[in-house]
Amino acid sequence: MYHIISIRDFERSDLDYLLDRAQEFDTGKYRPGMLDDKLVALLFFEPSTRTRMSFATAMARLGGRSISVDSVEASSIVKGETLADTIRVVSGYADAIVLRHPKEGAARLASEFATVPVINAGDGAGQHPSQTLLDLYTIRQSMPVDGIDVGLLGDLRYGRTAHSLALALSLYGVTLHTIAPVGLEMPANIALELRERGMEVVEHPNVEEAIRELDVLYVTRIQRERFPDSASYYNVASSYRITTDLLDGVKERLMILHPLPRAGEIDPAVDRTPYARYFEQARNGVPIRMALLHEVMK
Ligand code: CP
């Protein structure tokens with residue numbers, strides 16, 4: 001494993017290997033100085049709390065160090081420097097690059113100019129592979145992933161976490177239930193790709209229709225920053241919300257996941273139910289990113 005760009009580049013055995021490695025890190029089976037001579041560059045050209053901080057935490061826990069750029073405004077991109085030149089330069093400073101960028105395909109492009117491994121930390125509406133690994137890890141802590149029913153709720157058009165996760169779940173014989181506001185459905189090319197991979201994809205008009213069938217409900221926020229204008233955002237904003245009333249009659253083992261941040265789509269009262277697993281999910285970003293960083297820099 002060198003670059004980590006898209007779930008499309010992974011076989012199931014690669015995913016399982018990384019999940020097993022993360023579990024070892026999670027249970028303390030690692031040497032704290034494993035990356036003590038290594039430096040990672042965190043290039044975040046879009047806001048982030050979880051991904052940036054958990055990569056930094058993972059690196060520190062393995063004894064390595066991080067350097068970072070936290071916004072376009074704080075970088076020479078505002079002076080007109082290209083991403084390709086930025087990546088060439090940063091490759092000379094660090095042993096790996098973690099990149100978040102608003103444009104789909106940016107991480108792949110970066111990998112073509114980098115002389116060190118690139119990890120995609122989210123590229124526009126494209127992919128977010130390290131998020132998917134921590135999603136799978138969280139599911140696997142409670143149940144085998146094979147053959148379960150997973151609902152994806154929310155902005156399936158622009159939501160990169162939904163795209164990555166759906167592709168990964170297609171390797172596990174999962175039945176996918178999609179529930180999206182009108183206009184925010186899963187892009188047709190991804191839905192086709194999932195079906196060509198043998199996945200059963202069932203579309204539902206609302207979450208009420210699907211929720212009692214589900215083992216996992218993966219809620220996503222509407223990706224306001226990807227909308228062309230605020231009017232089209234307000235047309236769909238607040239069109240779905242998970243409340244405790246909705247949870248009557250669900251499977252006992254239902255897990256509600258969310259990549260976070262949330263923006264009103266899960267009532268905070270749900271946090272106190274046994275179904276809410278999203279804060280545990282966020283915590284799992286650390287062992288997963290320890291496994292990834294170690295894998296690309298060992
Ligand atoms: N889930 C996720 O990518 O969160 P951040 O945007 O805070 O990194």
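Computation of the quantities below employed the complete heavy-atom set of this structure, encompassing side-chain atoms and omitting hydrogens, waters and symmetry-equivalent molecules. Order of appearance sets the numbers: ligands from 1, and atoms from 1 within every ligand. It should be emphasised that the depicted structure is a prediction, and the values quoted were computed from it without experimental measurement.
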Please report the C-alpha distance between Arg140 and Gln23 in whole Å, then the side-chain angles of each, then the deciding distance to 0.1 Å, and finally whether the side-chain hydrogen bond (donor to acceptor under 3.5 Å, both in side chains) criterion is met. CA-CA 10 Å; Arg140 215 178 71 154; Gln23 192 157 6; 3.1 Å; yes
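Ring geometry for His101 against Phe45 counts as perpendicular: the plane angle is over 60°, on a 0 to 90° scale with 30° as the lower cut. The aromatic rings of Tyr158 and Phe227 sit tilted relative to each other, their planes meeting at an angle between 30° and 60°.
Here the options are Leu257, Leu152, Ile242, the test is side-chain contact (heavy atoms from CB on, under 4.5 Å), and the partner is Leu217; only Ile242 passes.
Here's the thing with Pro261: none of its N/O atoms is less than 3.5 angstrom from an N/O atom of ligand 1. Below 3.5 Å of separation, one finds an N or O of His128 facing an N or O of ligand 1.
Regarding atom 4 (O) of ligand 1, its nearest protein heavy-atom neighbour is Arg50 NE, 3.1 Å. With respect to atom 1 (N) of ligand 1, the closest heavy atom belonging to the protein is Pro259 O, 2.8 Å.
Counting non-hydrogen atoms of other residues, nucleotides and ligands closer than 6.0 Å to NZ of Lys251 gives a total above 12.
The shortest separation from a heavy atom of Arg100 to ligand 1 is under 4.0 Å, placing the residue in contact.
Side chain of Gln281 to backbone of His258: a donor-acceptor contact under 3.5 angstrom is found.
When each atom of ligand 1 is checked for a heavy atom of Thr49 under 4.0 Å away, the hits are 5 (P), 7 (O), 8 (O). Near Thr51, the atoms of ligand 1 lying under 4.0 angstrom from a non-hydrogen atom of the residue are 2 (C), 3 (O), 4 (O), 5 (P), 8 (O).
Contact annotation: for Leu260 versus ligand 1, heavy atoms closer than 4.0 Å belong to the backbone alone.
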